[in-house]
Amino acid sequence: MKYSSNVNKEMTVKLLDWFYANKRDLPWRHDVRPYSVWISEIMLQQTVIRSVISYYKKWMKRFPDVHILAKAGEKEVLTMWEGLGYYSRARNILKCAHQLIGLYKGTIPDEYDKLIRLPGIGDYTASAILSIAYKKPYPVMDANVNRVARRILALKSWDLFIKKEVADLLKKIISSKDPGGFNEAVMELGQRVCLVDTPLCSQCPVSGHCVSYKKNLQDRIPEKKNLQIKSRETLLPILITENRKSILVFEKKRGVLQGLWMFPGISRTGGYAERMEQFIEKNISDDFEKHGKLTVRTHHYTRFAEKLFPFIYSVRKPGKKLKEDWMWIPFRELEKYPFPSVYRRILQDVEEYMKNL
DNA sequence: AATTCGGGGAC
DNA sequence: GTCCCAGAATT
């Protein structure tokens with residue numbers, strides 16, 4: 001192996017010593033049941049620890065084990081997930097719970113090939129469950145491990161990063177007694193020492209093994225990814241009943257944000273108010289009244305920014321038959337429906353606006 | 001192999 | 001505003 005000279009078993013001991021001297025108190029570290037490891041690892045996919053902690057605690061209180069989880073409905077599960085993002089994770093957790101009951105009597109398999117076939121579980125999560133819950137020597141490859149490995153091996157461009165090669169290397173040095181501790185050690189090192197910008201090499205237990213540090217390249221590795229952000233503008237005609245007790249929303253049945261609820265949106269190109277009002281006449285009712293507009297809310301996603309322009313209309317008599325999946329929902333029941341965060345924010349704006357209507 | 005997914009926080 | 005995060009699924 002081309003890179004292995006500087007990567008050796010000495011690192012294993014140094015990493016573990018550093019980890020147990022600096023280990024943080026995180027809620028999932030008090031409970032290494034396979035179930036808890038599974039849930040926490042799914043929540044942590046592409047999501048920072050700080051955001052996950054409160055969701056994890058709330059989840060374990062409501063769904064302490066897989067049997068209780070498997071009896072829950074998708075709407076409640078998605079509502080518990082509201083604000084965490086990447087909602088297919090929540091739908092897959094429920095799907096996976098059903099499969100665990102059906103295939104494995106509610107236990108979580110301790111074999112890679114079985115785990116990897118379950119919904120929402122890929123290479124990372126399978127390895128995390130095997131190493132942390134079952135103490136099997138499977139190295140994890142997440143964003144932290146990726147960055148730490150790239151720095152240690154001085155792999156500058158992303159093209160040179162060969163995943164399998166690094167995985168093989170980690171497999172050689174992972175602790176056989178404490179594989180979970182080893183994996184958590186590398187991840188925590190990436191999080192707290194081997195930072196994206198300005199790594200704290202003076203605090204690093206394995207700087208002596210790091211080629212980037214030796215060559216003083218640590219600030220230039222890895223290279224920036226240079227994302228391209230696309231933007232979009234959307235009109236939101238928000239319809240409330242004349243008595244101001246209910247609001248029109250629909251459930252998204254397919255595509256992105258599947259299973260979540262939102263307001264109808266119209267792409268903001270060309271005509272403006274006319275298009276919203278045509279939309280209302282066609283789909284809801286001829287008898288409506290226009291009120292004001294709300295604060296414009298911009299929402300940023302990974303490669304995407306959407307600017308939402310909400311307008312309030314009230315409908316005197318809902319004449320037209322509503323499309324499938326659309327419902328008038330009383331404001332007091334909205335908390336039971338999962339909304340994407342930006343829509344939840346706009347709902348707050350609507351209620352605030354109605355106080356002065 | 002590359003893109004989608006579509007939240008949130010730190011700057 | 002930009003970049004990143006205990007990635008998986010899809011094409």
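These numbers come from the heavy atoms of this one structure, side chains and all, not from hydrogens, waters or symmetry mates. Fair warning: this is a prediction, and the values are worked out from it, not measured in the lab. Letters go in sequence order (proteins before strands), and every chain restarts at 1.
The aromatic rings of F250(A) and W326(A) lie parallel to each other, their planes meeting at an angle below 30°, with 60° marking the opposite boundary. Using cut-offs of 30° and 60° on the angle between ring planes, the pair Y337(A) and W261(A) is perpendicular.
Contacts of R117(A) with the nucleic acid, taken as non-hydrogen atoms under 4.0 Å apart, are absent. Nucleic acid contact class of A128(A) (heavy atoms, under 4.0 Å, all strands): none. Residue I42(A) is out of contact with every strand shown, counting any heavy-atom pair closer than 4.0 Å. When heavy atoms are screened at a 4.0 angstrom cut-off, R345(A) is found touching no nucleic acid atom at all. Base contact: W28(A) has a heavy atom under 4.0 Å from a base atom. Nucleic acid contact for N183(A): none, since no nucleic acid atom lies under 4.0 Å from a heavy atom of the residue. Residue S40(A) is out of contact with every strand shown, counting any heavy-atom pair closer than 4.0 Å. Residue contacts shown for E306(A) are absent, as no nucleic acid heavy atom lies under 4.0 Å away.
Distance noted for atom P between dG6(B) and dT11(C): 14 Å (whole Å). For the C1' atoms, the distance from dA8(C) to dG9(B) is 22 Å, rounded to whole Å. Remark: the separation of the P atoms in dA6(C) and dC5(B) is 23 Å, to the nearest Å.
Residue-to-nucleotide proximity on DNA chain C shows that, of H300(A) and R147(A), the 5′-proximal contact is made by H300(A). With DNA chain B read from its 5' end, the first of the two nearest nucleotides for G85(A) and K230(A) is the one closest to K230(A). Map Q45(A) and A305(A) each onto its nearest nucleotide of DNA chain C; the residue landing nearer the 5' end is A305(A).
Cation-pi geometry between K58(A) and F63(A) is not met: the NZ or CZ atom fails to fall both under 6.0 Å from the ring centre and inside 45° of the normal.
A donor-acceptor pair under 3.5 Å is absent between the side-chain atoms of D349(A) and the main chain of L294(A), judged by distance alone. Distance alone, capped at 3.5 Å, places no donor-acceptor pair between the K215(A) side chain and the L217(A) backbone.
Sorted by residue number, the members of residues 187-203 of chain A with any non-hydrogen atom under 4.0 Å from DNA chain C read M187(A), Q191(A), V196(A).
A close approach under 4.0 Å does occur between a side-chain nitrogen or oxygen of R50(A) and OP1 or OP2 of dA10(B).
One can place CE of M43(A) at 14 Å from P of dG8(B), the figure rounded to the nearest angstrom. Between the CG atom of L260(A) and the C1' atom of dC5(B) there is a distance of 12 Å, rounded to whole Å. Rounding to whole angstrom units, CH2 of residue W81(A) and C1' of dC5(B) are separated by 14 Å.
Put simply, chain A comes within 4.0 Å of DNA chain C, heavy atom to any atom, from dT2(C) to dA9(C), going 5' to 3'.
The pair K355(A)-E351(A) fails the salt-bridge criterion, with no side-chain N (NZ, NE, NH1 or NH2) lying under 4.0 Å from an Asp/Glu carboxylate O. Using a cutoff of 4.0 Å between basic side-chain nitrogens and carboxylate oxygens, E188(A) and R29(A) are scored as salt-bridged. Under a 4.0 Å N-O distance rule, the pair K336(A)/E333(A) does not qualify as a salt bridge. Taking a cutoff of 4.0 Å between a charged side-chain nitrogen and a carboxylate oxygen, K75(A) and E251(A) do not qualify as a salt bridge.
Residues S212(A) and R150(A) bring no donor and acceptor atom of their side chains to less than 3.5 Å of each other.
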